[in-house]
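All heavy atoms count here, side chains included; hydrogens, waters and symmetry mates do not.
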Amino acid sequence: MRVIIGGIPGVGKTTVLNGLKSSGIRVENYGDVMLSEARERGLVQTRDEIRKLPVQIQKEIQVVAARKLSSLSDVVIDTHFSVVTNSGYLPGLPYSILTILNPHLLISIEADPLEIFERRRRDSDRKRDHDSLEKIRQHLEANRSYGFSYSAFTGAPLLIVLNEDGKADEATRKIADIIGNGGTQ
Ligand code: ATP
Ligand code: AMP
Ligand code: MG
């Protein structure tokens, strides 16, 4: 089963999915694949520079990453349903990418906007954008809307999972349960 997980930066996707690895579920990070391609092309040094590249280049690298990930059939992919670029929201899974990846289940990871704001502020490992609460709210809304569109395109159900402060393990468990049940309950 191929599961695609999206959520806005700092919502806690990677934290929540790290907890899945111990149950033997394969997790791949779309950004890792884009980063290695962008580095090979000499375009960036860090993952937080990718969204600042010209949109056309991001789209090219996005397709390369999808092709590489498409060889995996049992996988959970950690990605973004929409990326804030200098030209506006870029869909993380436009139709061309959805047809390559063909997900069976989509999961939107969400959290309280203030908690996301604080997580970004505290996270010194990354070069995060310190957006206003209003901008975080708008991106959460965009993320969920894109998720519903992807669901409508593919017929894959969209599950919304809340990653509450201090409760990442609960979100992990919810995801592990649904994947363990083959994506349905
Ligand atoms: P990106 O899309 O930029 O990779 P992400 O969604 O993968 O972001 P993480 O890197 O997993 O986000 O988490 C961002 C920060 O929030 C990290 O410092 C992490 O430790 C913290 N965090 C994640 N989930 C929780 C939680 N439930 N409670 C408290 N802190 C959390
Ligand atoms: P992450 O570590 O998840 O933030 O991934 C690093 C970067 O890769 C993100 O900040 C985006 O710029 C980019 N990225 C990840 N997934 C996608 C996607 N589906 N489409 C476009 N860019 C993406
Ligand atoms: Mg991450």
Query - Pairs touching residues 63-81 that satisfy salt bridge (Lys or Arg N to Asp or Glu O under 4.0 Å), sequence neighbours left out - result: E37-K68

Query raised in the report: Tell me, do V76 and L20 make a side-chain contact under 4.5 Å, heavy atoms counted?
Result: yes

Query - Beyond-backbone contact of L106 with P157, side-chain heavy atoms, under 4.5 angstrom - result: no

Query - Closest heavy-atom pair and its distance - M34, Q58 - result: CE-O, 3.8 Å

Query raised in the report: Does CD in E141 sit with more than 12 non-hydrogen atoms of other residues, nucleotides or ligands closer than 6.0 Å?
Result: no

Query raised in the report: What residues join V64 in its hydrophobic cluster, counting side-chain heavy atom gaps under 4.5 Å, either direct or through other members?
Result: none

Query - N/O donor-acceptor pair under 3.5 Å between S108 side chain and G147 backbone - result: no

Can I get a per-line list of side-chain donor-acceptor pairs under 3.5 Å for residues 95-104, giving both atom names and the distance, sequence neighbours left out?
residue, atom, partner, partner atom, Å
T99, OG1, Y95, O, 3.3
T99, OG1, S96, O, 3.0
H104, ND1, R2, N, 2.9

Query raised in the report: Are the side chains of I8 and R120 in touch, meaning some heavy atoms are under 4.5 Å apart?
Result: yes

Query raised in the report: Should the pair Y150 and F81 be assigned to parallel (<30°), tilted (30 to 60°) or perpendicular (>60°) ring geometry?
Result: perpendicular

Requested in this report: Would you check if the side chain of Q62 reaches a backbone N or O of G92 as a donor-acceptor pair within less than 3.5 Å?
Outcome: yes

Query - Y30 side chain near L69 side chain, heavy-atom distance below 4.5 Å - result: yes

